[in-house]
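To start, the structure under review is shown below, and the notes come after it.
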Amino acid sequence: MPVTPASRSPADGRVVVIGVGNEFRRDDGAGLAVVTSLRGRVPPGVELALTGGEPTRLIETWTGAALAIVVDAVRADPPRPGRVHRFVLDRPLAGTTRTASSHGFGLDDAVRLALALDRMPGLLVVHAIEAADLSQGQGLTPLVAAAVGEAARGVLSDICDAGPPA
């Protein structure tokens, strides 16, 4: 679902939910599965987008949004596959407790670049599901598949808390 830059203005009240992942790398498709499950369940005007996680694509999609919600699979140490994390980002994560995107470039890279370019959304919320298997193949592992509904409910809650999109 492409989003055109011409449709944006900095204070437009736009809400976008971005699923990040690769459905051909098992649990890496968790973010895509969450956003796909939201079709028909979000209020009118909320944009749903799917991406492979390339930083400039993320920035392009969330620029000008009042609220951007990113859903992705992550690796954590120690791992607990299927655990759902929620956090608000206004700067790159730091320290040993950070989770890592399952992609070569992570959300941290997009946030660093967006800060440098003054292209952060008004509020950036991340819902991340810990992955168990990032190998080649289709289909989420059972623990990650079970977490899709929890993450989707969290996203819907964030959307409702933000109020109706402009």
Side-chain angles (χ1 to χ4, degrees), residues 1-3 15-42 46-63 65 67-116 119-121 123-159:
M1 294 177 203
V3 179
V15 175
V16 61
V17 181
I18 307 166
V20 178
N22 180 339
E23 66 182 319
F24 300 106
R25 284 189 47 223
R26 304 281 303 184
D27 290 341
D28 191 40
L32 304 176
V34 170
V35 173
T36 299
S37 79
L38 293 171
R39 288 188 180 140
R41 298 173 59 197
V42 296
V46 172
E47 298 173 33
L48 301 177
L50 303 175
T51 179
E54 198 275 323
T56 57
R57 172 72 170 121
L58 286 168
I59 294 167
E60 173 188 324
T61 305
W62 74 40
T63 295
L67 171 63
I69 301 171
V70 174
V71 188
D72 197 2
V74 293
R75 295 172 291 199
D77 188 26
R80 275 194 36 212
R83 179 170 48 176
V84 178
H85 301 266
R86 179 197 179 275
F87 45 96
V88 176
L89 275 182
D90 59 359
R91 67 185 64 84
L93 294 173
T96 58
T97 59
R98 82 182 243 193
T99 56
S101 172
S102 58
H103 315 285
F105 286 99
L107 186 57
D108 280 357
D109 299 302
V111 170
R112 278 187 190 91
L113 184 56
L115 286 167
R119 302 219 17 219
M120 285 290 287
L123 178 64
L124 175 58
V125 178
V126 178
H127 289 265
I129 300 174
E130 286 188 36
D133 180 359
L134 298 173
S135 66
Q136 298 291 326
Q138 287 186 284
L140 303 175
T141 58
L143 290 172
V144 173
V148 167
E150 177 185 347
R153 286 187 297 278
V155 169
L156 289 169
S157 177
D158 285 337
I159 292 168

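- Residues that satisfy the side-chain contact (heavy atoms from CB on, under 4.5 Å) test with Ala152, not counting sequence neighbours, are Val34, Ser37, Leu38, Arg41.
- Counting heavy atoms from C-beta outward, Gln138 and Glu23 have side chains that approach closer than 4.5 Å.
- A salt bridge does not link Glu130 with Arg80: none of the charged nitrogens is closer than 4.0 Å to a carboxylate oxygen.
- Judged as a side chain to side chain donor-acceptor pair (under 3.5 Å), not a single pair has a partner in residues 148-157 (not counting sequence neighbours).
- Counting heavy atoms from C-beta on, the side chains of Ile59 and Leu113 come closer than 4.5 Å.
- Taking all atoms of both residues into account, the shortest heavy-atom contact from Leu134 to Asp28 is CD2-N, 3.6 Å.
- Using a 4.5 Å cut-off on side-chain heavy atoms (C-beta onward), Val46 and Val16 make no contact.
- Here the closest heavy-atom approach between residue Met120 and residue Ala114 is recorded as SD-CB, 3.6 Å.
- Proximity of Ile18 to Val71: side-chain heavy atoms (C-beta onward) are nowhere separated by under 4.5 Å.
- Between Ile69 and the options Ile159, Leu124, Val35, a side chain to side chain contact (heavy atoms under 4.5 Å, CB included) holds for only Ile159.
- A donor-acceptor pair shorter than 3.5 Å can be found between the side chains of Thr63 and Arg119.
- Leu50 is listed as a side-chain neighbour of Thr36, based on a closest heavy-atom distance under 4.5 Å.
- Of all heavy-atom pairs spanning Gly29 and Leu140, the tightest one is C-CD2, 3.9 Å.
- When all heavy atoms are compared, the tightest approach of Leu32 to Gly19 is CD2-O, 3.5 Å.
- You'll find the side chain of Arg25 reaches within 4.5 Å of the side chain of Gln136, heavy atoms only.
- Contact check for Val126 versus Asp72: no side-chain heavy atoms found under the 4.5 Å cut-off.
- Nearest heavy-atom pair, Thr61 versus Ala49, reported as atom, atom and distance to 0.1 Å: CG2-CB, 3.8 Å.
- Side chains of Thr141 and Asp27: a donor-acceptor N/O pair is present below 3.5 angstrom, by distance only.
- The two residues Ala30 and Ala73 come nearest to each other via the heavy atoms CB-CB, 4.3 Å.
- For Arg86, the side-chain hydrogen bond (donor to acceptor under 3.5 Å, both in side chains) partners two or more places apart in sequence, or in a different chain, are Asp158.
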